[in-house]
Amino acid sequence: MSSQAQASPALLGVGILGAGPVTQAIHLPSLARLGNILEVRHIMDVDPAVAASVAGRVGARFSTSMEELLADTAVDIVAICSPHQFHAAQVIAACRAGKKAVLCEKPFAMNGEEAAAISAVSAETGVPIIVGAMHTFDPGWLAAEGAWGDLPEQVHTVRSSIVLPPNPRFEDFATEIVGRVSLPSSDPTDPEVIKAMLTGGVMGLAIHDLPLVRRFTPDFADVEVLHAEIVRPFGYVISLRAGNVTIELRAAMNATWEPAWEFEAIGDDAALKIDFTPSYVQAGSATARIRTAGRTTVLGPFGHNGYEGEWRKLAELAGGTGQPPSAETLIHDLEFALAIAEAAAGQVDTGRVDTGRVDAGSAASGTTEDQEVNA
Ligand SMILES: NC(=O)c1ccc[n+]([C@@H]2O[C@H](COP(=O)([O-])OP(=O)(O)OC[C@H]3O[C@@H](n4cnc5c(N)ncnc54)[C@H](O)[C@@H]3O)[C@@H](O)[C@H]2O)c1
């Protein structure tokens, strides 16, 4: 473990569990812009070389043990950026260690039982938890939420549409996320592979926007997937209904389309459209447009994105101000995602899922190795 310069008492100390791409490319750049309130003091990774090198970049101490990081009294806020299967146990341990606030990368649990256990520990210890659903902290989204009036009551259609550059790693990530570490084959016509791709797409990518979708479909007990399809090399098209709302979720890794991350909620008299920056991009906030008959209100772009918004919120919570999201909201967001993932995969057993379309752009570029974008 390396030593660190004297911690400033005026700053809140940050400790990070897991120092992979998300820590390196997302959180450390965000934290670097917030050096007036937050200081990275401890980096933990099970790989000692990763822990040492990432900690060295920010002048933090490092370790390979979660217990060591949680026992570090210089750490006020813990961020959990390890692979998803460790999230629930690490969130619970961070709460029990009496930290001031916890950020857990998505998905914060892999089933409803884990989510309920987290919420019980958070309630018992009083430690606020936020989940890294960055769009919910994006100032463009927050401004829209403050301005949309009665839009949620009249919305009949919601769309989340994501186009990112192709990334072979992404497909691995998507299949890994459902715990299928070794798939029986990578044959994209194999029903088990298709199920894993659909589930992985929902839990790994669509999950960023599902808390936003749920603002327009608070009662999701009756989620019905109407159509599910994979898009090669990685992507999905899923249509569903929740209550009276039709939801369309689309994603494609594609080199010929311009990267875009759009969210729309459409009602009879008003509609919202938000353009988010692609994941990993640190270029200011989303821009929201609220359209009513003959009038469009444009909100944003603002100076920071949702990743930085997460850290600003954590600093508030650790300082004893601000309201954390309710545990009920976090559990329902997760249950909503799990219900969609399960129902989409269930379509495969009915024989109603296409083996996936290969669009010209992705087919031409699917093996490109020089672009590395994750979400
Ligand atoms: N918010 C976003 O935009 C976004 C984007 C991509 C991924 N994610 C999420 O962020 C998390 C991390 O993603 P990543 O791509 O960096 O993952 P990764 O698997 O590439 O890296 C995670 C790191 O954690 C380390 N690790 C493994 N087991 C550990 C343990 N038990 N405790 C601590 N560290 C451990 C690994 O050595 C690795 O360095 C995942 O949960 C993922 O779902 C979020």
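Note that ligands are numbered from 1 as they come in the structure, with each ligand's atoms numbered from 1 the same way.
Of the residues Thr246, Thr217, Asp222, the one that meets the side chain to side chain donor-acceptor pair (under 3.5 Å) test with Arg241 is Thr246.
No donor-acceptor distance shorter than 3.5 angstrom exists from the side chain of Asp209 to the backbone of Ser160, with no hydrogens or angles considered. Side-chain atoms of Thr125 come within 3.5 Å of backbone N or O of Val121 as a donor-acceptor pair. In this structure, His87 contributes its side chain and Ser82 its backbone to a donor-acceptor pair below 3.5 Å. When atom types are taken as modelled, the side chain of Tyr236 and the backbone of Ala344 share no donor-acceptor pair closer than 3.5 angstrom.
When every heavy atom of Cys81 is checked against every heavy atom of Gly18, the shortest pair comes out as CB-O, 3.5 Å.
Side-chain polar atoms of His27 and Glu105 form a donor-acceptor pair below 3.5 angstrom.
Evaluated by nearest non-hydrogen atom to atom 42 (C) of ligand 1, the leading choice among His208, His84, Lys106 is Lys106. The residue among Gly204, Pro21, Pro107 with a heavy atom at the shortest distance from atom 18 (P) of ligand 1 is Pro21. Considering each of Gln85, Glu310, Met44, Met66, the one bringing a non-hydrogen atom nearest atom 33 (C) of ligand 1 is Met44.
Ligand 1 places these atoms under 4.0 Å from at least one heavy atom of Gln90: 30 (C), 31 (N), 32 (N), 33 (C). Close approach of ligand 1 to Gly132 is summarised as follows: ligand atoms under 4.0 Å from at least one heavy atom of the residue are 1 (N). Of all atoms in ligand 1, numbered sequentially from 1 with element shown, those under 4.0 Å from a heavy atom of Gly20 are 16 (O), 21 (O), 23 (C), 39 (O). Within ligand 1, counting atoms from 1 as listed, the ones closer than 4.0 Å to a heavy atom of His87 are 41 (O). When each atom of ligand 1 is checked for a heavy atom of Ile26 under 4.0 Å away, the hits are 2 (C), 3 (O). Interface of Met134 with ligand 1, defined as ligand atoms under 4.0 Å from a residue heavy atom, comprises 1 (N), 3 (O). If you number the atoms of ligand 1 from 1 as listed, the ones under 4.0 Å from a heavy atom of Cys81 come out as 11 (C), 12 (C), 22 (C).
Under the 4.5 Å side-chain heavy-atom criterion for grouping Ile, Leu, Val, Met, Phe, Trp and Tyr, Val223 is not connected to Ile331 through any hydrophobic cluster.
Between Asp47 and ligand 1, no N or O atom pair is found at a separation short of 3.5 Å. The N/O atoms of Leu17, backbone and side chain alike, include none that comes under 3.5 Å of an N/O atom in ligand 1. When only interatomic distances are considered, the shortest N/O to N/O separation between Thr23 and ligand 1 does not fall below 3.5 Å.
Between His135 and Phe276, the ring planes lie parallel to each other; the angle is under 30°, not in the 30° to 60° tilted range.
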